[in-house]
*Asks:* 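One structure, pasted below without further comment.
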Amino acid sequence: MTVTHEVVNQAPPLTGFSTADDPALLEALRRADAGWGEPEVRELGALAGTEAVQEQSRAAEEQPPRLRTHDRFGHRIDEVEFHPAWHQLMTVAVEHGLHAAPWAEARPGAHLVRAAKFYVWSQAEPGHGCPVSMTYAAVPALRSAPELAERYEPLLAARTYDYGLRPPLSKAGLIAGMSMTEKQGGSDVRANTTRAVPAGDGTYRITGHKWFTSAPMSDVFLTLAQTAEGVSCFLLPRVLPDGTRNGLRLMRLKDKLGNRSNASSEIEYDAAVAWPVGEPGRGVRTIVEMVNMTRLDCVIGTAAGMRAGLRQALHHTAYRHAFGRALSEQPLMRAVLADLAIESEAATTLAMRLATAVDRAQAGDTGEAALRRLGLAVGKYWVCKRGSAHAAEALECLGGNGYVEESGMPRLYREAPLLSIWEGSGNVAALDVLRALGKEPAALDAYFAEVDAAAGADRRLDAAVAGIRKMLGTLDDPERAQRAARTLAERMALAFQGALLVRYSHPAVADAFCASRLDGEWGNAFGTLPTTADLAGILERARPVSLPETAG
């Protein structure tokens, strides 16, 4: 056979790296006295970069879950079958405590360490992060029912992935889900029509439907239903204590843009047995604690996706040559890569700061609790919005190579919009910023205390913070405030990120961020940094150690 061509000028496979090879991440651990978690973060990051785990990720995505409503004899079973790779990924996540383990951890910084582990591991495969995240978020809501929490919380925090439908309290570990959205309500959960009727024995019977329930093979769910008192929260198991299946019917799985490894379903409740959680009629307030924690993971997951996309772009451009030079040596590509690196580090630094606020709030710091409340809404809006644009630009750095499935970039691109939609899309998150400002004045004080910690370090940051104060003074009319909600959320997020970078990051990163994002020396696309930006300094910080020098 005649050899017609030789493959040249292609990047080698990107494998054998560590997702923990990330200065912004490791520095965040160390400055919050959570360095004790660094060895496990590094261990998990190295595992995420192995060829074996990359193959598991590919298999879980390309062979998505399948719904089996009945067995071959006609019995209703309502089960979802997953590729074995899904269970392998879940096993690693649970054994490393990415789910509810921090709630049982006494050491300071447990939630930050967990956030760092979630960040490095979800870069391998983000879909299974959904049930992991919901299990993490279930605990603070479940604590509204102390008797239930006493029985279920130890199993939710257990580092054992015990898959299969069996009575929850008979298992070695549990996975939790959340079921709120209905087709007629969407984010307006008070419009839900699912009803719960007391059974006289302390339980309720729930009948109705849910439009979007992810991870339907979870062991227990927190769900909302209407009662005589109003919308209430309930704990609903898939299998009842006597071993019989609860009245939860899987109608179909969603055919989604991305997140294909994870099953998302439409379900119906047929007199399903459930236990009340929190005060009757206060279900939204009860479950909002779960929503806030999953919003944290939306920010972390988006930051993880940005880092994964940046790594791919840095790798490809370091090896690909055009016009006699590696792409990563060419001025315009360097400007694009540096811009992507700045966005990535800003997202990572903010995500880890919010996780630190969770730790400090749990320790009783009311100021940090207030900062967490507002910061999560601000961060969820802006960071998750930026995820899609970042993924698109990172993909484009690979050119046509990035447009084919084998590169992994289309998977990253399809995943990015999810985290901006999940737990409240853009408008919901922006309006939640207004809600936090209106209902919790201490939150604004905490926010300004945080950004003012960098006062005087950069005139552009100072001007941005002053502009936010001025803008807030003009939003006394509710209609005007709503129209400006996105602008306000964006400016607050950028100032928050800028303050963190000025205080903690490399001067080249902080300077370019403030010049571009805060001072207007920026265009409408990545790669439009001011010509004075220190590209070499930015790229050297961003470049993983496994890449050749031409990447920086």
Side-chain angles (χ1 to χ4, degrees), residues 18-45 96-123 133 136-137 139-140 292-293 295-304 306-307 344-376 378-380 383 443 446-454 457 493 495-506 509-510 513 541:
S18 173
T19 57
D21 181 10
D22 185 338
L25 175 71
L26 299 178
E27 290 167 8
L29 288 174
R30 295 164 190 163
R31 64 174 168 263
D33 297 324
W36 57 265
E38 186 174 328
E40 190 178 3
V41 171
R42 287 186 176 274
E43 174 193 348
L44 198 55
H96 282 271
L98 274 65
H99 59 316
W103 301 107
E105 175 64 70
R107 284 183 289 186
H111 290 273
L112 174 58
V113 171
R114 179 260 171 195
K117 290 188 290 187
F118 188 85
Y119 174 86
V120 299
W121 184 243
S122 62
Q123 290 180 51
S133 179
Y136 170 64
V139 170
N292 280 333
M293 289 294 97
R295 283 180 175 175
L296 172 62
D297 280 2
C298 288
V299 179
I300 298 170
T302 300
M306 288 184 184
R307 182 65 182 178
S344 172
E345 179 160 348
T348 299
T349 305
L350 178 57
M352 295 305 125
R353 177 63 183 90
L354 293 174
T356 300
V358 174
D359 276 311
R360 293 172 179 171
Q362 290 300 307
D365 189 323
T366 56
E368 289 288 307
L371 179 65
R372 186 204 71 167
R373 169 68 182 91
L374 181 56
L376 282 174
V378 165
K380 168 66 169 70
V383 172
Y447 170 83
F448 280 125
E450 180 70 18
V451 296
D452 286 344
F496 199 165
Q497 290 178 319
L500 292 171
L501 294 178
V502 165
R503 294 172 69 190
Y504 303 124
S505 185
H506 190 288
V509 175
F513 182 93
R541 180 170 171 83

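Everything numeric here is computed off the predicted structure, so don't read it as measured data.
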*Asks:* When you check the gap from the basic side-chain N to the acidic O, do Asp359 and Arg114 get nearer than 4.0 Å?
*Replies:*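 The answer is no: the pair does not qualify as a salt bridge.
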*Asks:* Tell me yes or no: between the side chains of Thr349 and Gln497, is some donor less than 3.5 Å from an acceptor?
*Replies:*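 The criterion, which ignores hydrogens and geometry beyond distance, is not satisfied for Gln497 and Thr349.
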*Asks:* Distance from Phe496 atom CZ to Leu374 atom CG, nearest 0.5 Å?
*Replies:*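 Going from CZ on Phe496 over to CG on Leu374, the span is 8.5 Å.
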*Asks:* Taking all heavy atoms of Asp22 and all of Thr19, pick out the closest pair and write down the distance.
*Replies:*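 What the structure gives for the nearest pair is CB-O, 4.2 Å.
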*Asks:* Using side-chain contact (heavy atoms from CB on, under 4.5 Å) as the criterion, point out the one residue from Asn292, Leu296, Leu376 that pairs with Val358.
*Replies:*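 The side-chain contact (heavy atoms from CB on, under 4.5 Å) with Val358 is passed solely by Leu296 among Asn292, Leu296, Leu376.
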*Asks:* What distance separates Thr348 OG1 from Arg353 CZ, expressed to the nearest 0.5 Å?
*Replies:*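 The distance works out to 15.5 Å.
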*Asks:* Which distance, rounded to the nearest 0.5 Å, do you find between the OG of Ser18 and the CD of Glu43?
*Replies:*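 Rounded to the nearest 0.5 Å, the OG-CD separation comes to 10.5 Å.
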*Asks:* Between Met293 and His111, is any pair of side-chain heavy atoms under 4.5 Å apart?
*Replies:*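 No, every pair of side-chain atoms sits at 4.5 Å or beyond.
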*Asks:* Side-chain contact test, heavy atoms from C-beta onward, threshold under 4.5 Å: evaluate it for Val378 versus Val383 and give yes or no.
*Replies:*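 Of all side-chain heavy-atom pairs linking Val383 with Val378, none is under 4.5 Å.
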*Asks:* Shortest non-hydrogen contact from Ala370 to Ala446?
*Replies:*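 In terms of heavy atoms, the two residues are closest at CB-CB, 4.0 Å.
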*Asks:* Has the side chain of Asp297 got a donor or acceptor atom that lies under 3.5 Å from a matching backbone atom of Ile300?
*Replies:*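 Side chain of Asp297 to backbone of Ile300, a donor-acceptor pair under 3.5 Å: no, none is there.
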*Asks:* Could you report the tightest heavy-atom contact between Ala347 and Met306, atom names first, then the distance?
*Replies:*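 Looking at all heavy atoms of both residues, the closest pair is CB-SD, 3.7 Å.
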*Asks:* Quick check: closest heavy atoms across Gly97 and Pro102, and the distance to 0.1 Å?
*Replies:*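 Residues Gly97 and Pro102, closest heavy atoms: O-CD, 3.8 Å.
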*Asks:* Testing the basics here: between Ala100 and Val139, what is the closest heavy-atom pair and its distance to 0.1 Å?
*Replies:*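 Heavy atoms only, the tightest pair is CB-CG2, 3.8 Å.
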*Asks:* Ignoring hydrogens and angles, tell me if any N or O in the side chain of Trp103 forms a donor-acceptor pair with the backbone of Tyr136 under 3.5 Å.
*Replies:*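 Side chain of Trp103 to backbone of Tyr136: a pair is present.
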*Asks:* I would like to know whether Arg503 and Glu450 meet salt bridge (charged side-chain N to carboxylate O under 4.0 Å, His left out); could you show each step before the answer?
*Replies:* CA-CA 11 Å; Arg503 294 172 69 190; Glu450 180 70 18; 3.5 Å; yes
*Asks:* With a 4.5 Å limit on heavy-atom distance, are the side chains of Leu500 and Met352 in contact?
*Replies:*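 No, their side chains stay 4.5 Å or more apart.
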*Asks:* Could you check whether Glu27 pairs with Arg541 (Lys NZ or Arg NE/NH1/NH2 to Asp/Glu carboxylate O, under 4.0 Å)?
*Replies:*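 Looking at Glu27 and Arg541, the cut-off is met.
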*Asks:* Check whether any side-chain heavy atom of Val41 sits under 4.5 Å from a side-chain heavy atom of Leu25, and report yes or no.
*Replies:*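 Val41 reaches Leu25 side chain to side chain.
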*Asks:* Can you see whether Tyr119 has Arg307 sitting over its ring - NZ or CZ less than 6.0 Å from the centre and within 45° of the normal?
*Replies:*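 No, Arg307 does not sit over the ring of Tyr119.
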*Asks:* Can you tell me how far the OG1 atom of Thr356 sits from the CG atom of Leu112, to the nearest 0.5 Å?
*Replies:*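 It is 4.0 Å, given to the nearest 0.5 Å.
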*Asks:* Suppose the criterion is side chain to side chain donor-acceptor pair (under 3.5 Å): which pairs have a residue in residues 28-42, not counting sequence neighbours?
*Replies:*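 Listed once each, the pairs are Arg30-Glu38, Glu38-Arg42, Glu40-His96, Glu40-Lys117.
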*Asks:* Please examine the side chains of Glu345 and Phe513, heavy atoms only from C-beta on, and report whether any two atoms are closer than 4.5 Å.
*Replies:*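 The answer is no, as the side chains (C-beta and beyond) never meet within the 4.5 Å cut-off.
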*Asks:* Heavy atoms only: give me the nearest Ala346-Leu501 pair and the separation to one decimal.
*Replies:*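 The answer is CB-CD1, 3.9 Å.
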*Asks:* How many angstroms lie between atom OH of Tyr447 and atom CG of Asp452, to the nearest 0.5 angstrom?
*Replies:*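 Between atom OH of Tyr447 and atom CG of Asp452 there are 9.5 Å.
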